[in-house]
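Written out below as structure tokens is the structure these notes cover.
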Amino acid sequence: GISESFRAIRTNIQYLNSEKENKIISISSSISGEGKTYCSMNLASVFALSGSKTLLMGADMRKPKIFSDFQLNNDKGLSNYLSSQIKKEEMIQKSDIENLDIILSGPTPPNPAELLDKQLMQSLLKELQKEYKYIIIDTPPIGLVTDGLILMKYTDVNLYIIRQKYSNKSMLDYVTSLFKQKEIKQINLVVNDIDENSMHYGYGY
């Protein structure tokens, strides 16, 4: 089932950039609706349930979603921290899942890309990496804005979600070109929502 698929992704991630024990993982897509936040939440949960201290970070400040799925309040989050309104401790929230903490994106600021590009963001991730084995960042879709690309400068593993019969092939060409231009270090595709009837073999997710 679905949890089995996410466990398989978890295992694969452990082989990627394997010399690094603690990993920062970005999860992106080209447009909304490809399942990026869903995959971020499930993957974070699978890591946490396996006993690894995990942090799920909502860095999509333009269309935040994680807070409603976890039934949390999005009053305080990354946007407040990066604009120096709150301390780090004030934005880390506990989830109902053991070993899983959450940083929400916070209220939508006028300048998300500018905030993410600050030295403060880089320092924050360095600090958090001392505390968490896995940091999973739900980034904005990279086909629309530069926020996701900015975050990929700090990551160890980049996952790119494509959804069968939904994602546009031209978006995949765009990602390939970013990779060739060395804008992205490495990228790993996760195919979401595979129609089992059209395949002889494969996971549902």
Using the rule given for side chain to side chain contact (heavy atoms under 4.5 Å, CB included), can you reason through Leu159 versus Ser26, listing the C-alpha separation, both sets of side-chain angles and the distance that settles it, and then say yes or no? CA-CA 6 Å; Leu159 300 184; Ser26 81; over 6 Å; no
Taking the side chain as every heavy atom from C-beta outward, state whether [X] and [Y] have any pair of such atoms under 4.5 Å apart.
X	Y	result
Thr139	Leu149	no
Tyr134	Ile25	yes
Leu115	Met121	no
Phe47	Ile13	yes
Met41	Ile136	no
Leu104	Met57	no

Checking side-chain polar atoms at under 3.5 Å, does Thr54 have a donor or acceptor matched by the opposite partner on Asn99?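 No, no side-chain donor-acceptor pair sits under 3.5 Å.
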Cut-off 3.5 Å, side chains only: do Tyr132 and Asn22 have a donor facing an acceptor? no
Heavy-atom pair with the smallest gap, counting every atom of [X] and [Y]:
X	Y	result
Pro109	Pro112	O-CD, 3.6 Å
Ile86	Lys76	CD1-CB, 4.2 Å
Ile66	Gly58	CD1-CA, 3.9 Å

So does [Y] get a backbone contact from the side chain of [X], meaning a donor-acceptor N/O pair under 3.5 Å?
X	Y	value
Asn74	Gly106	yes
Ser95	Ile97	yes
Ser79	Ser105	yes
Asp138	Ser40	no
Asp60	Lys63	yes
Asp117	Ala113	no
Thr11	Arg7	yes

Nearest 0.5 Å, please: how far is [atom2] in [Y] from [atom1] in [X]?
X	Y	atom1	atom2	answer
Leu82	Glu114	CG	CD	11.0 Å
Leu124	Gln119	CG	CD	11.5 Å
Ile24	Gln129	CD1	CD	3.5 Å
Tyr38	Phe6	OH	CZ	5.0 Å
Leu56	Asn42	CG	CG	10.5 Å
Arg10	Ser5	CZ	OG	12.5 Å

Go through it in stages, so that I can follow the logic: the residues are Glu90 and Asn80, the test is side chain to side chain contact (heavy atoms under 4.5 Å, CB included), and I'd like the CA-CA distance, side-chain angles, deciding distance and then a yes or no. CA-CA 10 Å; Glu90 291 177 71; Asn80 309 90; over 6 Å; no
For atom CD of Glu131, is the number of surrounding heavy atoms from other residues, nucleotides or ligands below 6.0 Å larger than 12? yes
Atom CD of Glu98 with >12 non-hydrogen neighbours under 6.0 angstrom: no
Would Ile103 and Tyr81 satisfy side chain to side chain contact (heavy atoms under 4.5 Å, CB included), going step by step from the backbone distance to the final call? CA-CA 10 Å; Ile103 290 179; Tyr81 175 79; over 6 Å; no
Name of the residue among Leu151, Asn111, Ile137 meeting side chain to side chain contact (heavy atoms under 4.5 Å, CB included) with Leu116: Leu151
Lys/Arg N to Asp/Glu carboxylate O, Lys23 vs Asp156, below 4.0 Å: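 So Lys23 does not pair with Asp156 through a salt bridge.
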Are Leu100 and Ser45 close enough, and set up right, to give a side chain to side chain contact (heavy atoms under 4.5 Å, CB included), and what steps lead you there? CA-CA 7 Å; Leu100 180 60; Ser45 306; 4.2 Å; yes
